[in-house]
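Heads up, the thing below is written out as structure tokens.
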Amino acid sequence: MGIVNVTPDSFSDGGRWFDHEAAVEHGRELAVAGADIVDVGGESTRPGARRPSEQEELDRILPVVAALARTRLRVSIDTMRASVAAAALDAGADIVNDVSGGLADPGMLPLVASTGATYVTMHWRGHGDSMQQRAVYDDVVAEVRGELLARVEAAEAAGVGADRIVIDPGLGFAKTAEHNWQLMARMREFTELGYRVLVGASRKTFLGRLGGAEAPVPPARRDAATAATSLLCAQAGVWAVRVHDVPSTLAALQVHEAVSAWGEVSGGAS
Ligand code: PMM
């Protein structure tokens, strides 16, 4: 899944694709590079980011979704608002990527249930302004799993079929770097739940501080680390990874595919 952020302030590529034509062109490039899905978003979820109004969000994403869907690309809409999801689905999107798992807008689950859309429900504890104060866990994997399963139950109760649900542990959302690494290490505990799993590690801050780096490496130089997480995700049975740079992740996934043809990768010393 390639990322098209149509926002002036997203943390890693903020402003670059804010212009509609540039965003559409970028989406096409991601697809040519090998993305199966392009994820279009008009709201930055960066801690402390100002939320756009509903109209602002619609103005940002609709022309981009419509233009990309017209070229027969599989388009996902990254939004917490039911009204934005509905408009994007009408314009040709067929996946709703809701980072709040239905918690931000009570209209979201009924809306998704009334359509045939695939629904990504991500682990989320609150909007950007309060997110990092909520990064408190005894066992991050068990708690994220439990809270995600509660959102899955809510989606199913609203009428969204299990086969349409994708779960996402929400790396970086109310999580410290240590929490993100624990979730990566125990990703199988999510894939074994039986739902498709999506992971968004791309260019996040925890990848900028590898090797004890004092100053974080800038986001655009985190693609090799991102590709390494993509490989780990593939090994854990993850369905899709949401990334900014498609070629590096594609290469990592091709390594996984080539090795997998010869059996499961074995751990430990030989
Ligand atoms: N991360 C961001 C935005 N949307 N959606 C899903 N499903 N999972 C994520 O981890 C996720 C997301 C924030 O990253 P960005 O600002 O680079 O888009």
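Both ligands and their constituent atoms are indexed starting at 1 by order of listing.
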For ligand 1, is there an atom lying under 4.0 Å from some heavy atom of His244? yes

Could I get the full list of salt bridge (charged side-chain N to carboxylate O under 4.0 Å, His left out) partners for Glu192, not counting sequence neighbours? Arg145

For ligand 1, which part of Arg242 has a heavy atom less than 4.0 Å away: the side chain, the backbone, both, or neither? side chain

Show the atoms of ligand 1 that are less than 4.0 angstrom away from any heavy atom in Thr45. 2 (C), 3 (C), 13 (C)

Looking at Arg242 and Asp78, is any side-chain nitrogen of the basic one under 4.0 Å from a carboxylate oxygen of the acidic one? yes

Distance-only check: which donor-acceptor pairs under 3.5 Å involve side-chain atoms of residues 82-91, not counting sequence neighbours?
{"residue": "Ser83", "atom": "OG", "partner": "Glu54", "partner atom": "OE2", "Å": "3.0"}

Do Arg151 and Asp98 meet the salt-bridge criterion of a basic N to acidic O distance under 4.0 Å? no

Atoms of ligand 1, numbered as shown, that sit under 4.0 Å from any heavy atom of Asn5: 15 (P), 16 (O), 17 (O), 18 (O)

Can you list the ligand 1 atoms lying under 4.0 Å from a non-hydrogen atom of Leu198? 7 (N)

With heavy atoms under 4.0 Å as the rule, classify the contact between Val199 and ligand 1 as side chain, backbone, both or neither. neither

Greater than 12 external heavy atoms within 6.0 Å of Glu178's CD: no

Is Asp39 in polar range of ligand 1, meaning some N or O pair under 3.5 Å apart? no

